[in-house]
Amino acid sequence: MLESTTGFLRCVKCHSKLELDAFKIENEIVEGILECKKCKLVFPIIEKIPIMWDDFSNYLSNRKTLSGRLYQSAITEKMKSFLKSSLSKVVFIDDRTFLEERWSKIYQNSRHSKFYSLIKNSLESLPKSNLVLEHGCSIGIMTLFLADSSKMVFGIDKSFSALRFAKKSYKDNLDYVLADSLSPVFAKLQFDLVIALNILELIEPLELLKHVSKQISSGFFVISDPYDFDRGANSVRKPLDEQQLRTNLEKFGFKIFPKTKNPSYIPWNLKLNPRATLNYRVDLIIANKSTS
Ligand SMILES: C[S@@+](CC[C@H](N)C(=O)[O-])C[C@H]1O[C@@H](n2cnc3c(N)ncnc32)[C@H](O)[C@@H]1O
Ligand SMILES: [Zn+2]
């Protein structure tokens with residue numbers, strides 16, 4: 001985590017500023033703790049990734065294998081003892097480690113999909129931004145690209161495995177935060193550009209739109225989705241179709257670019273393994289809000 005990121009992050013419980021206690025610093029913070037002096041919540045920074053979960057033990061309880069590995073690979077005694085005490089409170093209920101690792105690999109193998117170059121072209125047509133946020137950034141394909149033309153770019157994702165890969169590309173204006181996109185990790189910070197690609201199946205769509213609409217008072221929102229909502233027990237409660245997505249964006253004060261008023265069918269091919277590819281056709285919307 002870049003040291004300067006401390007100034008952007010807020011406590012996800014009480015929205016207060018955080019204090020950094022760095023245990024190991026290289027060109028950025030490798031291990032450390034962010035502490036909320038007000039509500040006393042602490043957020044560990046492990047392998048350069050700040051884990052902004054309101055309950056760290058709860059995050060680990062769904063990632064048994066990752067928990068053991070984090071403990072084994074901790075560098076400093078301070079982090080080892082922090083992890084030991086967090087692990088002593090964990091009741092393991094699930095192990096998402098391998099699922100998250102598998103998807104991180106799929107995105108690595110699919111990063112040359114034409115989809116990303118098409119989105120890059122669309123982003124290049126927008127004015128340069130100061131502050132950018134990507135929700136559900138995974139391995140950071142677009143986040144890294146946006147860092148070339150923006151002053152500061154953040155990616156949020158809840159997969160440690162994906163962010164560990166994203167963190168391999170260092171830039172002094174690019175950083176990643178492990179958090180739930182809907183949490184107030186940036187509190188009232190306003191962004192010039194927010195992007196959210198293919199995450200409506202995983203994050204309650206209306207809540208995401210409401211959340212993003214509060215993060216932009218004057219700026220752009222780029223959102224894409226394949227509307228693949230049929231996921232049984234894991235489905236979101238209120239899926240949105242291509243028309244409902246547009247209508248709701250307008251309700252939240254966004255103006256949709258004329259060229260994305262009609263739904264599109266952009267190919268997005270994910271290489272699952274050498275013999276199987278998932279071929280989506282993705283809709284893209286570019287919208288903006290302006291104060292004038
Ligand atoms: C289908 S992938 C899309 C990845 C990337 N946006 C792309 O289009 O290549 C969804 C990503 O959202 C992340 N994710 C799911 N729920 C999330 C949440 N509540 N908060 C933050 N990230 C989340 C997943 O870990 C995953 O990396
Ligand atoms: Zn707090």
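Note that the numbering runs from 1 along the sequence shown for the chain. FYI, side chains are in, hydrogens and waters are out, and symmetry mates aren't considered; it's all heavy atoms of this structure. Atoms within each ligand, like the ligands themselves, are counted from 1 in listed order. Quick caveat: nothing in here was measured; it's all calculated off a predicted structure.
Two rings, from Y265 and Y280, have their centers 6.0 Å or more apart. Checked against the 6.0 Å centroid threshold, F154 and F186 count as a close aromatic pair.
Ring planes of H211 and H135: perpendicular class, angle over 60° (limits at 30 and 60°). Taking the six-membered ring for Trp and thresholds of 30 and 60 degrees, F221 and F254 have ring planes inclined between 30 and 60 degrees apart.
Under the rule for a salt bridge (charged side-chain N to carboxylate O under 4.0 Å, His left out), D157 has no partner lying at least two apart in sequence or in another chain.
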For K167 and D175, run salt bridge (Lys or Arg N to Asp or Glu O under 4.0 Å): C-alpha distance rounded to whole Å, both residues' side-chain angles, the deciding distance at 0.1 Å, then the answer.
-> CA-CA 8 Å; K167 283 300 287 179; D175 214 352; 2.8 Å; yes
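Other cluster members for I75: V30, joined by side-chain heavy-atom distances under 4.5 Å among Ile, Leu, Val, Met, Phe, Trp and Tyr.
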Could you list each N/O atom of ligand 1 together with any protein N/O atom closer than 3.5 Å, one pair per line with the distance?
residue, atom, partner, partner atom, Å
ligand 1, 6 (N), G136, O, 2.8
ligand 1, 6 (N), L197, O, 2.8
ligand 1, 8 (O), L197, O, 3.3
ligand 1, 8 (O), N198, ND2, 2.9
ligand 1, 9 (O), Y116, OH, 2.5
ligand 1, 19 (N), D180, OD1, 3.2
ligand 1, 20 (N), S181, N, 2.9
ligand 1, 22 (N), K158, N, 3.4
ligand 1, 25 (O), D157, OD1, 2.6
ligand 1, 27 (O), D157, OD1, 3.3
ligand 1, 27 (O), D157, OD2, 2.7

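Judged by a 6.0 Å distance limit and a 45° cone about the ring axis, R63 is positioned over the six-membered ring of Y59.
For K214, the NZ atom counts as loosely surrounded, since its 6.0 Å shell holds 12 or fewer non-hydrogen atoms of other residues, nucleotides or ligands.
At a cut-off of 2.8 Å, measuring from the Zn ion (ligand 2), the protein N, O or S atoms that fall short of it are C11 SG, C14 SG, C36 SG, C39 SG, waters left aside.
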